[in-house]
Undergrad: 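Take a look at this one; I'll ask things after.
The analysis underlying the following values was restricted to heavy atoms, covering all of them including side chains, and did not include hydrogens, waters or symmetry mates. Just follow the structure's listing: the first ligand is 1, and inside any ligand the first atom is 1. One is the number of the first residue; the rest follow in order along the sequence.
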Amino acid sequence: MSKTISINAGSSSLKWQLYQMPEEKVLAKGLIERIGKEDAISTVKFDDQNVSETLAIKDHTAAVKILLDDLIHLGIIKSYDEITGVGHRVVAGGTYFNESVLVDSEEVIEKVEELALLAPLHNKANAAGIRAFKEILPDITSVVVFDTAFHTTMPEVAYRYPLPNKYFTENKIRKYGAHGTSHYYVAHEAAKVLGKPIAELKLITAHMGNGVSLTAVDSGKSVDTSMGFTPLGGVMMGTRTGDLDPAIIPYLMDNTDDFKTPEDIRRIFNHESGLLGISGLSNDMREIETATKNGDKDASLAYAMFVDRIVKHIGAYAAVMNGVDAIVFTAGIGENDAHIREEIIKHFSWIGADIVAERNEVRPAYGVVSSDDAKVKVLVIPTDEELVIARDVERLKVK
Ligand code: ADP
């Protein structure tokens with residue numbers, strides 16, 4: 001019997017899920033928030049229970065100790081020895097990592113830290129999570145799974161930016177993408193649901209959560225994705241701009257007092273824009289839709305812009321692949337929001353996509369929501385990044 005834990009460490013949070021492997025049974029899951037604060041919160045969900053405590057948690061190592069002790073106190077495990085593997089989600093793998101790897105040397109962790117240049121908040125936190133587990137459970141299988149790995153199959157024509165070459169060769173400026181684990185998982189699940197080998201399919205996967213990205217998946221390989229050098233690029237998101245005319249940056253630096261430092265640009269573009277920036281109300285799609293129904297013009301514009309950017313990417317990717325067999329929706333908005341799926345798919349009747357209300361409006365929707373004879377199928381597939389991580393730990397386990 002082996003138990004594997006999937007870890008998704010943020011700058012002040014640690015999301016985890018404990019599996020019985022190889023059965024892939026979820027034994028417990030939880031979230032530790034406000035790491036570094038006196039009033040951090042640890043929540044554990046298992047069976048039908050939901051246990052929450054508020055306590056001071058100094059850093060990620062302390063958070064890992066609390067999580068493991070919680071597992072013992074709550075009777076989910078009897079001793080640390082039962083945990084034989086840990087998998088860490090890492091946002092940026094750069095050009096170093098095109099697949100998941102074992103953390104079998106200090107060098108692997110140092111590379112994750114070095115790649116913090118590409119994902120400053122994320123990779124530092126990911127590395128802190130890896131180090132915390134290494135300190136407490138040094139002998140278990142430790143694996144890193146990269147959000148960018150699935151996109152390393154993109155052709156150069158898609159991943160290069162039209163800048164002078166030296167910024168690519170010297171500064172490594174190129175498209176890396178993100179959400180790769182999710183796009184990989186839902187593309188493979190969609191192929192299963194469609195009953196076809198993934199090698200015969202052209203898919204467009206739309207991961208729509210707080211972060212939003214779309215990927216063109218041709219024969220199981222990512223050939224283009226909307227996020228770019230960082231997860232700020234691509235479509236409009238909850239609080240992120242997505243793509244902008246780059247000339248806006250120097251213009252705002254010259255003409256306003258808000259853009260004085262690179263940090264100002266990062267903050268405003270990452271945290272104050274998107275649905276929140278346009279609506280002036282919220283980054284939460286549910287609130288945007290409620291406000292839209294109540295006649296709020298800014299919320300209504302935010303919603304329409306969000307749909308517009310997604311529609312444009314789907315259209316572009318269908319052209320890139322010279323066709324599309326299915327459009328796959330996933331993540332918080334993609335899985336739960338029947339209305340937005342309908343609004344998006346309305347734009348693709350010309351290529352033979354449709355939506356059947358009785359299939360689309362079932363909660364939770366799963367599988368094909370288009371008609372049986374639709375030329376382009378539409379699917380809803382709940383993403384499961386944690387499971388992909390647990391499977392990679394199992395696959396790479398030191399036997
Ligand atoms: P994260 O990227 O943080 O993992 P999620 O995948 O959980 O985010 O997605 C969060 C988004 O999903 C929020 O914008 C939230 O409003 C949206 N969402 C969740 N449930 C619904 C729903 N029933 N209808 C519309 N949007 C929803």
Side-chain angles (χ1 to χ4, degrees), residues 6-17 29-33 43 45 89-91 119 121-122 125-126 145 147 177-186 189 205-215 225-227 230-242 270-294 296 299-300 302-307 309-310 328-345 355 360-366 369 380-389:
S6 288
I7 297 291
N8 185 351
S11 53
S12 64
S13 69
L14 197 136
K15 214 165 147 186
W16 59 270
Q17 197 142 315
K29 59 182 165 182
L31 174 66
I32 301 180
E33 296 164 280
T43 311
K45 289 186 189 167
R89 170 186 185 229
V90 174
V91 168
L121 291 178
H122 291 113
N126 301 153
V145 179
D147 249 17
H179 287 150
T181 315
S182 176
H183 290 290
Y184 164 87
Y185 177 79
V186 300
E189 287 299 303
T205 48
H207 177 114
M208 310 194 312
N210 274 315
V212 184
S213 70
L214 289 98
T215 297
T225 194
S226 61
M227 282 178 169
T230 73
L232 178 57
V235 295
M236 173 176 167
M237 311 181 208
T239 59
R240 292 175 237 170
T241 55
N270 274 297
H271 301 296
E272 299 174 12
S273 300
L275 290 174
L276 174 65
I278 298 293
S279 70
L281 195 70
S282 173
N283 63 321
D284 190 310
M285 186 52 92
R286 286 165 291 199
E287 289 182 37
I288 298 293
E289 290 184 322
T290 306
T292 300
K293 279 187 202 121
N294 293 336
D296 185 309
S300 168
Y303 184 84
M305 285 172 64
F306 187 92
V307 169
R309 297 325 189 250
I310 289 170
V328 187
F329 289 103
T330 195
I333 301 169
E335 290 167 30
N336 296 302
D337 194 335
H339 184 248
I340 210 163
R341 292 193 293 261
E342 194 189 328
E343 289 295 310
I344 294 166
I345 294 303
I355 284 236
N360 189 41
E361 281 156 26
V362 174
R363 289 191 61 97
Y366 178 82
V369 295
V380 178
I381 303 283
T383 193
D384 199 341
E385 291 156 284
E386 289 77 14
L387 180 59
V388 178
I389 295 171

Undergrad: Is the Y303 ring parallel, tilted or perpendicular to the H339 ring (thresholds 30°, 60°)?
TA: parallel
Undergrad: I need the minimum non-hydrogen distance between V212 and S226, along with the two atoms involved.
TA: O-OG, 4.4 Å
Undergrad: What distance separates N270 CG from L232 CG, expressed to the nearest 0.5 Å?
TA: 4.5 Å
Undergrad: Can you give me the closest heavy-atom contact between M237 and N210, atom names plus distance?
TA: CB-O, 3.5 Å
Undergrad: In order of chain and number, which residues sit within 4.0 Å of ligand 1 by heavy atom?
TA: G209, N210, G211, N283, D284, M285, R286, A331, G332, I333, N336, D337, R363
Undergrad: Say whether T215 and H179, considering side chains only, have a donor N or O and an acceptor N or O under 3.5 Å apart.
TA: no
Undergrad: If every non-hydrogen atom of A178 is compared with every non-hydrogen atom of S213, which pair is closest and at what distance?
TA: O-OG, 4.1 Å
